[in-house]
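Quick note on labels: first sequence line is chain A, next is B, and so on, each numbered from 1.
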There are 2 protein chains.
Amino acid sequence: MTQRHRPTIHEVAKVAGVSISSVSRALNGNTSNADMVARVNAAVQEVGYVPSMVAQSLKTRHTGQVAFAMEDIGNAAYLEMVRRIQPTLREVGYRLLLHSTGADAEDELGVLASLSQNYVDGLILCPLRVTGRHVEALRHPAVPVVVIGLLPDDVPVDNVRADSRVGARMAVEHLHEAGARRIAFIDGPLDTVPGRARHDGYRMGLEACGLKPDDHLIRFADFQFEGGRHSARDLLTQHPDVDAVLGANDLIAMGAMHALRELGRHVPGDVRVVGMDDTPLAATSFPPMSSVSLGSADRGRIAAELLLRRLDGDGSPPERVTVPPSLTIRESSR
Amino acid sequence: MTQRHRPTIHEVAKVAGVSISSVSRALNGNTSNADMVARVNAAVQEVGYVPSMVAQSLKTRHTGQVAFAMEDIGNAAYLEMVRRIQPTLREVGYRLLLHSTGADAEDELGVLASLSQNYVDGLILCPLRVTGRHVEALRHPAVPVVVIGLLPDDVPVDNVRADSRVGARMAVEHLHEAGARRIAFIDGPLDTVPGRARHDGYRMGLEACGLKPDDHLIRFADFQFEGGRHSARDLLTQHPDVDAVLGANDLIAMGAMHALRELGRHVPGDVRVVGMDDTPLAATSFPPMSSVSLGSADRGRIAAELLLRRLDGDGSPPERVTVPPSLTIRESSR
DNA sequence: GCACACCTCGGAAACGTTTCCCAGCATCCC
DNA sequence: GGGATGCTGGGAAACGTTTCCGAGGTGTGC
């Protein structure tokens with residue numbers, strides 16, 4: 001930790017025998033004199049100069065940083081997004097800041113507020129719940145913001161959506177087609193955006209198939225494995241006639257598969273199972289589990305691209321992109 | 001994107017009728033005059049002032065940011081680390097920058113070099129392979145660095161290690177104790193740090209159990225599911241007497257479990273399986289899979305704590321912490 | 001040969017903070 | 001009551017860049 005003095009542009013200028021303005025110009029390609037450029041570069045090498053990001057940011061008013069805020073990066077869907085967002089941004093020189101807010105709406109708002117500190121040029125936000133205060137904060141963001149997730153139509157912000165309502169519906173229709181008639185649903189909390197949408201989709205699916213919705217066949221877990229397992233055990237004990245379970249995400253569905261196994265029910269023979277998000281968990285489970293992909297990776301990529309356009313100065317009206325879901329059918333529901 | 005003028009400390013000073021020095025002091029708690037503080041705060045509220053992070057960084061010479069660089073955040077072990085590093089840093093006000101280098105040594109070196117741009121106060125690095133150039137770059141880092149992973153002893157950098165050699169050995173001993181005699185091993189690439197260590201541990205384990213190492217029972221995959229599956233299929237076809245498989249990580253082991261199932265071999269009846277890293281995959285697989293935890297979360301937390309100490313100005317000699325492995329026994333090896 | 005345009009480069013002003021330094025004032029002690 | 005002491009708050013410098021502006025030099029056209 002020997003605090004060696006970091007060389008500045010002034011030292012470079014002195015060594016090269018030119019002014020600091022010339023150094024700056026030479027380094028930023030704003031000069032045509034080849035000799036000058038050569039001398040500056042030589043001096044840069046000699047003193048080991050590296051420009052200070054911070055000073056540049058102060059002057060140029062942009063930081064080369066973008067933040068991504070979501071509930072928990074441990075969630076596979078968000079993980080997939082990060083994996084696409086990072087390279088997309090990186091390609092054009094942006095760094096990625098991660099905010100795992102831990103499902104704390106207060107924290108999300110904090111992130112939004114902290115944008116005025118100007119430490120990032122833009123934000124990609126994945127709110128789990130959208131409150132009035134979110135909407136308020138999003139009306140006048142200090143920097144461009146792209147929201148992944150459902151948003152009221154009048155919020156003037158680029159918005160990338162999954163259609164998990166349609167996704168849930170597709171799953172139900174598929175299960176029906178495969179022969180299921182008593183299709184249960186283990187949802188996440190109803191006050192979350194995805195929980196609500198999937199619930200609606202489930203009901204729409206039932207109706208489309210001519211099945212009568214039965215609230216007793218709906219359970220609520222917390223998007224986690226244990227919740228799914230517990231709910232499924234409960235469900236199947238009380239309603240042994242259930243012949244299919246849709247989980248609001250793969251973790252829930254995996255939990256359900258475990259519960260079924262513990263109850264001695266065969267998947268898919270006795271009960272079919274479908275999950276959502278199509279995470280690696282689904283493909284590697286046994287039996288491999290059908291799952292509705294909500295295009296997390298695509299949503300991440302698209303969000304990053306939208307943001308980059310804004311950062312490039314695009315002032316066109318906010319865009320709204322919806323990524324269609326797709327169902328991957330595997331053994332668990334055949 | 002109406003570029004409203006962001007209020008600066010000067011505006012606050014004007015509104016409060018004091019000097020900018022007083023505003024700064026009031027905001028940073030370096031004044032005792034309650035009246036002054038109140039007036040400044042009122043002015044801050046009135047004009048909606050938020051300090052510019054960038055200007056502060058330039059002046060104070062620290063950014064409140066820390067970078068974490070690893071191969072791929074999709075890897076569950078790194079993910080666990082991030083999940084612990086972020087809150088630990090956040091608690092004391094640091095933001096986390098993510099660098100997923102994609103196993104590109106060049107990129108890792110780039111991150112190391114870019115540290116002199118001073119956009120972060122510190123770095124936590126997880127190199128997959130450690131080259132001479134890594135070591136060279138680590139000798140004079142521009143900011144404090146903590147390395148998670150094996151490092152030559154003479155590199156003067158805080159270092160947090162897993163003991164995956166001992167971990168692999170524990171797994172072998174456990175399998176032997178459970179009755180296995182032909183224990184196969186599907187490793188990652190030998191030229192990676194963990195690949196090498198686990199290989200050594202596997203052999204140590206065999207010797208400790210009095211089993212004769214047989215190179216035919218070793219396969220190499222790429223730490224991925226498909227690699228594990230393919231290797232296991234191959235292995236079991238050529239050596240049907242194999243009665244246990246150790247995977248160098250959970251993905252490999254999961255792949256092996258699938259291959260076994262496809263070959264009609266029962267787990268654990270015919271073949272026992274143990275994975276490594278103890279990711280959620282292990283706990284949610286069927287049958288639940290034994291796995292050696294290498295303490296990823298702990299390593300992340302410890303690395304963050306070490307770094308924070310350095311950022312606090314601790315100048316003591318570099319520390320080396322080794323996190324002991326622990327084996328979680330589940331059905332797959334009972 | 002001179003006026004003019006053009007280009008190159010240096011000086012200096014910003015960007016928005018923190019902090020050093022010092023003047024002014026009140027307090028205290030002898 | 002006067003000088004030393006301590007505290008408070010203002011002015012200004014500094015952090016390390018980019019960029020505006022203008023001076024000087026060079027080339028061109030008449």
A.B. asks: By the 4.0 Å heavy-atom rule, please label B/Val50 as base, sugar-phosphate, or nothing.
C.D. replies: sugar-phosphate
A.B. asks: Answer with base, sugar-phosphate or nothing: what part of the nucleic acid does A/Ser52 contact at a heavy-atom distance below 4.0 Å?
C.D. replies: sugar-phosphate
A.B. asks: Can you find a side-chain donor-acceptor pair between B/Thr8 and B/Glu11 that sits under 3.5 Å?
C.D. replies: yes
A.B. asks: Examine the side chains of B/Gln117 and A/Gln56 and answer whether a donor and an acceptor come within less than 3.5 Å of each other.
C.D. replies: no
A.B. asks: Ignoring hydrogens and angles, state whether a donor on the side chain of A/Tyr119 or A/Thr63 is under 3.5 Å from an acceptor on the partner side chain.
C.D. replies: no
A.B. asks: I need the CG-P distance between A/Asn28 and D/dT19, as an integer number of Å.
C.D. replies: 7 Å
A.B. asks: Just to be sure I understand the rule, does B/Arg61 reach a base, reach only the sugar-phosphate, or reach nothing, if contact means heavy atoms closer than 4.0 Å?
C.D. replies: sugar-phosphate
A.B. asks: Just by distance, with hydrogens left out, do B/Arg161 and B/Asn159 show a side-chain donor and acceptor under 3.5 Å apart?
C.D. replies: yes
A.B. asks: How many Å lie between CD1 on A/Ile20 and P on D/dT19, as a whole number?
C.D. replies: 13 Å
A.B. asks: Rounded to the nearest Å, what distance is computed from the CG atom of residue B/Asp35 to the C1' atom of nucleotide D/dC7?
C.D. replies: 16 Å
A.B. asks: Taking any heavy-atom pair under 4.0 Å as a contact, classify A/Val23: base, sugar-phosphate, or nothing.
C.D. replies: nothing
A.B. asks: Which part of the nucleic acid does A/Thr8 contact within heavy-atom distance under 4.0 Å: base, sugar-phosphate only, or nothing?
C.D. replies: sugar-phosphate
A.B. asks: Does a sphere of radius 6.0 Å around CZ in A/Arg133 hold more than 12 heavy atoms from other residues, nucleotides or ligands, not counting ones at 6.0 Å or beyond?
C.D. replies: no
A.B. asks: What do the steps show when you test A/Asp72 against B/Arg83 for salt bridge (charged side-chain N to carboxylate O under 4.0 Å, His left out), and what is the final call?
C.D. replies: CA-CA 8 Å; A/Asp72 172 20; B/Arg83 291 183 74 188; 2.9 Å; yes
A.B. asks: Base, sugar-phosphate, or nothing for A/Val54, non-hydrogen atoms under 4.0 angstrom?
C.D. replies: nothing
A.B. asks: From the 5' end of DNA chain C to its 3' end, which nucleotides mark the outer limits of contact with chain A, defined by a 4.0 Å heavy-atom distance cut-off (strictly under)?
C.D. replies: C/dT8 to C/dG16
A.B. asks: Round to a whole Å and report the spacing from CD1 of B/Ile9 to P of D/dA12.
C.D. replies: 16 Å
A.B. asks: In this structure, how many angstroms lie between the P atom of D/dG10 and the CG atom of B/Asn30, rounded?
C.D. replies: 15 Å
A.B. asks: Measure the distance from NE2 on B/His10 to P on D/dG11 and round it to the nearest whole Å.
C.D. replies: 11 Å
A.B. asks: Between atom OG of B/Ser19 and atom NE2 of B/His10, what is the distance when rounded to the nearest 0.5 Å?
C.D. replies: 9.5 Å
